[in-house]
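One structure below.
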Amino acid sequence: MTARALAIEVLARVEATEAWLTPVLDARLSESSFRDVRDAALATELVYGATRRRLALDFALLGVSDRRLETLEDRVLAALRVGAYQLFYLRMPARAAVADTVEAIKELGLGRAAGFVNAVLRKLSALPHQPLPPPEPLADYLSVKESHPRWLVERWLEAFGQAETEAMLAADNQPPPLVLRANTTTTSREALLGLLEEAGLEPRATLASPVGLSLLAKGRVESLLGFAEGFWQVQDEAAQLVVHYASVPEGSRVLDVCAAPGGKSCQLAEHGEVVALDLHARKLEGVRAEAARLGLTSRLTLRAHDATQPLPVDLGRFDAVLLDAPCSGLGTLRRNPELRYRRKEEDLSRLVALQRLLLERVQAAVSKGGLLVYAVCSTEPEEGPHQLEDFLRAWPDFVLAPPEGQAARDCPLEDGCLRTLPGPEGRDGFFAARLRRK
């Protein structure tokens, strides 16, 4: 199967089933017989690129298609998006982009649609420039140009202003870097940087996290130097900063309430004993495997539990509790580009209510003088600052306790809370608040 045919197949499956893009693509790539790594790279670029730019691609296609896009068979629409992405964003020669996409649709057994796909893409290739709506209203223009839902663009314009919003939208459409966190029980960031540099992987130290580094490497992370040895774990810099911001004292007994996929649990376990809870026992198996690879099994206790229910009494109280709560995920759209089309504004009120309930449950496990760290990978104030304000009103025995020392210098703080946004720094959007029980 060619790279374009695989990309069309993956896009169609994700669209039809609402599966998550990354596992579907990874599974198909592992099953493929690509002999050239460039084919896998092209398929990956087409899948992620066409997803990130979907609204802009559809806007262009609507202008030249004599059929409504929603009436097209999934693979036909996916083929049109793949072809248009090559024309407008990869700047491939028009003849090759059109012909190769038509051949891919034939390869998938849809020869009957080849004429239609060819005609639409040829019309697109004849345009002098990529079609976009007029620059006013601004929200409509940015929504199409940067392929984000209009409701989200409006929110960001109101909250962050035009310049910051445009930077966030642009960042969401860039491929995310591969960011690693050094496992400090087996190595240091400096040693890891040297090791990867010797291997020609061109690592760079992260700007704020003292244990992070980024790579330009492509392909399966399992094949990278240091994976089998447990020298590092994949984790975005903003997620690393949540634990750095938390500044949990060495040797503390820590509860991580919504632990999967386990990055923060393992990071915390490098410094003390951690009990990791998650609703899904199956996901905890992934955490168990990561802890074993990193040599942290003896420091990590795993337990399946629905945290919307009271915490088990036998757990007792903890020196620190981390609630990395379920949220909109709107700070992670560059890593999960399909989420921007699935998330609805009305989801926020449901998620805020869930976060409020979880906070109510987990605060009971914080010992006197202990820490409660609340975090969400969201850009939205309802899930961040507003949720914090509501919690402090409801539980006056907690106070905001920003970190001191190196963590305070490293972390981007806003009113004492950790705050990162998508932008040129290459981080996900996160909010975290560090609270202490009086």
* Within 6.0 Å of CD in E404, more than 12 heavy atoms from elsewhere -> no

Separation of [Y] [atom2] from [X] [atom1] (nearest 0.5 Å):
X    : Y    : atom1 : atom2 : value
R434 : L388 : CZ    : CG    : 13.5 Å
L413 : L418 : CG    : CG    : 7.0 Å
L6   : R28  : CG    : CZ    : 5.0 Å

Distance-only, no hydrogens or angles: does the [X] side chain make a donor-acceptor pair with backbone N or O of [Y] under 3.5 Å?
X    : Y    : answer
T51  : V47  : yes
N183 : L294 : yes
S65  : L62  : no
E338 : L21  : yes
R253 : E273 : no
R437 : L371 : no

Tell me whether the NZ or CZ atom of [X] lies within the 45° cone about the ring axis of [Y] and under 6.0 Å from its centre.
X    : Y    : value
R67  : F116 : yes
R54  : Y341 : yes
R342 : W20  : yes
R293 : W232 : yes

May I ask you to check whether [X] and [Y] show a side-chain donor-acceptor distance below 3.5 Å?
X    : Y    : result
Q233 : R181 : yes
R4   : Q86  : yes
Q240 : Q235 : no

* Partner of Y374 by side-chain contact (heavy atoms from CB on, under 4.5 Å), out of L323, L435, V321 ->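 Single pass found, and it is L323.
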
* **Stepwise salt bridge (charged side-chain N to carboxylate O under 4.0 Å, His left out) test for D256 and K264** => CA-CA 8 Å; D256 185 359; K264 299 181 188 67; over 6 Å; no

* Would you indicate whether the side-chain heavy atoms of P326 and L358 approach each other to under 4.5 Å? => yes

